[in-house]
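Just so we're clear, the structure is a prediction, and the values are computed from it rather than from any experiment. As a basis for the values below, the full set of heavy atoms in this structure was taken, side chains included, without hydrogen atoms, waters or symmetry mates.
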Amino acid sequence: MREGVYELYWTFASRRQAAFEARLAGRSRPWTDDPILQVYKFCNVFRASDRVSQYMIRDVAYGADPETDAHDRVFQITAFRTFSNIATWESLTRELGGAPRLDHLRSGEFETALDRTKARNGGLYTGAFILCANKAFGFDEKHRNHVALFRHMFLEHACAERVLQAPSLRSVVELLQGFPLMGPFMAYQTAIDLNYSELLDFDENDYTQAGPGALRGLKKAFVDLGDMTPADAILWMTDRQEDEFRRLDLPFGGLFGRPLHGIDCQGLFCELDKYCREAVPELATARSRIKAKYSGSSGNIDLFFPPKWRLASPGTLPAVADDAVEGLGRRRLHGTSAAVRNDRSAFALRDLFA
């Protein structure tokens with residue numbers, strides 16, 4: 001492991017989760033003393049806490065629709081994650097008079113609704129995931145290739161039934177990954193979403209897969225993985241979490257008592273990669289800057305997690321105004337990296353990498 005950066009992984013997790021909890025408790029900003037977290041946008045420590053995942057869990061995976069059966073639900077979750085765009089999904093449901101179903105895919109109504117949504121909204125996809133962009137089904141427009149993919153998966157190859165009969169999380173990932181346009185990481189993300197629902201109930205720590213950002217974070221946290229694969233290293237971190245938070249004297253109560261799982265530790269490596277661009281710029285990669293600054297959010301989020309997790313009622317995450325950077329000042333922004341590297345709790349990274 002790379003001394004300092006490995007510890008920073010756990011420090012980031014503790015501070016980012018504490019900021020989430022402070023916001024949830026209704027405290028005024030800033031929710032953290034960490035100057036990097038005050039300025040830049042980072043995902044939540046727990047994937048299920050992020051806004052799009054929250055919408056997927058509450059409104060897609062557990063959405064109330066009497067006409068939706070289990071096969072439809074597999075299709076809905078897969079389609080939602082492909083676009084990962086709440087505005088797209090809400091427009092689709094308005095166009096179709098409810099959540100998209102396999103009957104809509106079969107009749108062509110789903111594609112028509114996507115066409116209208118694209119014309120109205122100007123786009124369909126989020127920028128959160130890098131999707132396979134080849135014309136696998138011969139269409140120039142990306143969404144038409146995805147409609148053809150969904151028909152291929154669900155109408156021609158009984159994907160929903162095969163997902164419901166899968167014996168493990170890994171088998172679900174491998175099934176999805178076998179279809180065109182479903183790269184390894186998107187297949188894994190979709191499998192996790194399916195596993196959030198009532199349809200599946202596999203242990204998330206049975207299987208994980210490192211995305212591109214996590215691979216960059218792993219290279220920063222570890223000089224050499226030795227005999228471990230990236231997936232091995234991620235799951236090793238899930239096993240080490242209690243000991244490391246205790247060793248480093250870092251507060252961390254998990255997600256209302258739920259510990260980090262493989263998908264969360266995988267995401268943390270991606271966030272570590274971003275965080276290190278400011279905290280440890282000496283560890284240069286092809287991506288040298290954090291693209292997004294924190295800009296607040298609109299609308300409260302009534303937190304909802306899979307009931308099978310049996311978490312305490314989490315409450316409502318309040319909206320915040322779009323003024324995160326104002327008041328910090330250029331001197332503070334300019335001095336962010338030095339501030340963190342000089343912070344003893346961040347392990348004097350300036351000296352370690354001098």
For [Y], is there any backbone N or O sitting under 3.5 Å from a side-chain donor or acceptor partner on [X]?
X    : Y    : result
Y275 : L37  : no
E7   : G4   : yes
D239 : W236 : no
S53  : R47  : yes
E95  : T117 : no
R2   : K219 : yes
R162 : H157 : yes
N121 : G123 : no
E271 : C43  : yes
Q38  : T32  : yes

Could you grab the distance from atom [atom1] of [X] to atom [atom2] of [Y], nearest 0.5 Å is fine?
X    : Y    : atom1 : atom2 : result
D264 : I234 : CG    : CD1   : 11.0 Å
L225 : M1   : CG    : CE    : 10.5 Å
R151 : R106 : CZ    : CZ    : 11.0 Å
R216 : L272 : CZ    : CG    : 11.5 Å
I192 : L200 : CD1   : CG    : 10.0 Å
D302 : R58  : CG    : CZ    : 6.5 Å

Aromatic ring pairing [X]/[Y], orientation class (parallel under 30°, perpendicular over 60°, tilted between):
X    : Y    : result
Y188 : F185 : tilted
F222 : Y6   : perpendicular
F150 : F154 : tilted
F110 : F83  : tilted
F252 : F245 : parallel
F80  : W89  : perpendicular

Is [Y] close to [X] at the side-chain level, that is, under 4.5 Å between some pair of heavy atoms?
X    : Y    : result
Q189 : I263 : yes
E90  : Y55  : yes
T238 : P259 : no
K308 : S197 : no
V172 : F202 : yes
F137 : R144 : no
L164 : H71  : yes
H104 : F75  : no

Practice prompt. Would you mind telling me which of F256, Y196, F304 makes a ring pair (Phe, Tyr, Trp, His ring centres under 6.0 Å) with W309?
Written response: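 Answer after filtering F256, Y196, F304: Y196.
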Discussion item. Tell me if the CZ atom of R116 is crowded by more than 12 foreign heavy atoms within 6.0 Å.
Written reply: no
[X] to [Y] - nearest heavy-atom pair and separation:
X    : Y    : value
L235 : G262 : CD2-CA, 4.2 Å
A187 : L176 : O-CD1, 3.6 Å
F139 : K135 : O-CG, 3.2 Å
L218 : P230 : CD1-CB, 3.7 Å
S49  : N44  : O-ND2, 3.4 Å
A136 : N145 : N-OD1, 3.6 Å

Worksheet entry | From T190, V60, L194, residue fulfilling side chain to side chain contact (heavy atoms under 4.5 Å, CB included) relative to R81 | T190
Worksheet item: Any side-chain donor-acceptor pair under 3.5 Å between T112 and D115?
Response: no
Worksheet entry | Distance-only side-chain donor-acceptor flag, Q76 / T68, under 3.5 Å | yes
Worksheet entry | Worked check of side-chain contact (heavy atoms from CB on, under 4.5 Å) between Y40 and K274 | CA-CA 9 Å; Y40 295 100; K274 291 193 296 185; over 6 Å; no
Worksheet item: Could you go step by step and tell me if H146 and L124 meet the side-chain contact (heavy atoms from CB on, under 4.5 Å) rule?
Response: CA-CA 11 Å; H146 277 123; L124 296 170; over 6 Å; no
Practice prompt. Any side-chain hydrogen bond (donor to acceptor under 3.5 Å, both in side chains) involving residues 249-263? Give me the pairs, sequence neighbours left out, ordered by first then second residue.
Written response: E204-R258
Worksheet item: Passes side-chain contact (heavy atoms from CB on, under 4.5 Å), D206 versus S168? Steps please.
Response: CA-CA 8 Å; D206 285 346; S168 67; over 6 Å; no
Worksheet item: Do the ring centers of W31 and F20 come within less than 6.0 Å of each other?
Response: no
Worksheet item: Do F46 and F305 have ring centres separated by under 6.0 Å?
Response: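 Centroid distance F46-F305: not below 6.0 Å, so no.
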Worksheet item: Can you check side-chain contact (heavy atoms from CB on, under 4.5 Å) on V280 and L8, steps first, answer last?
Response: CA-CA 10 Å; V280 200; L8 193 57; 4.2 Å; yes
Discussion item. Determine whether K118 and E141 satisfy the following criterion, salt bridge (Lys or Arg N to Asp or Glu O under 4.0 Å), listing intermediate values before the conclusion.
Written reply: CA-CA 11 Å; K118 183 180 180 182; E141 293 179 276; 3.1 Å; yes
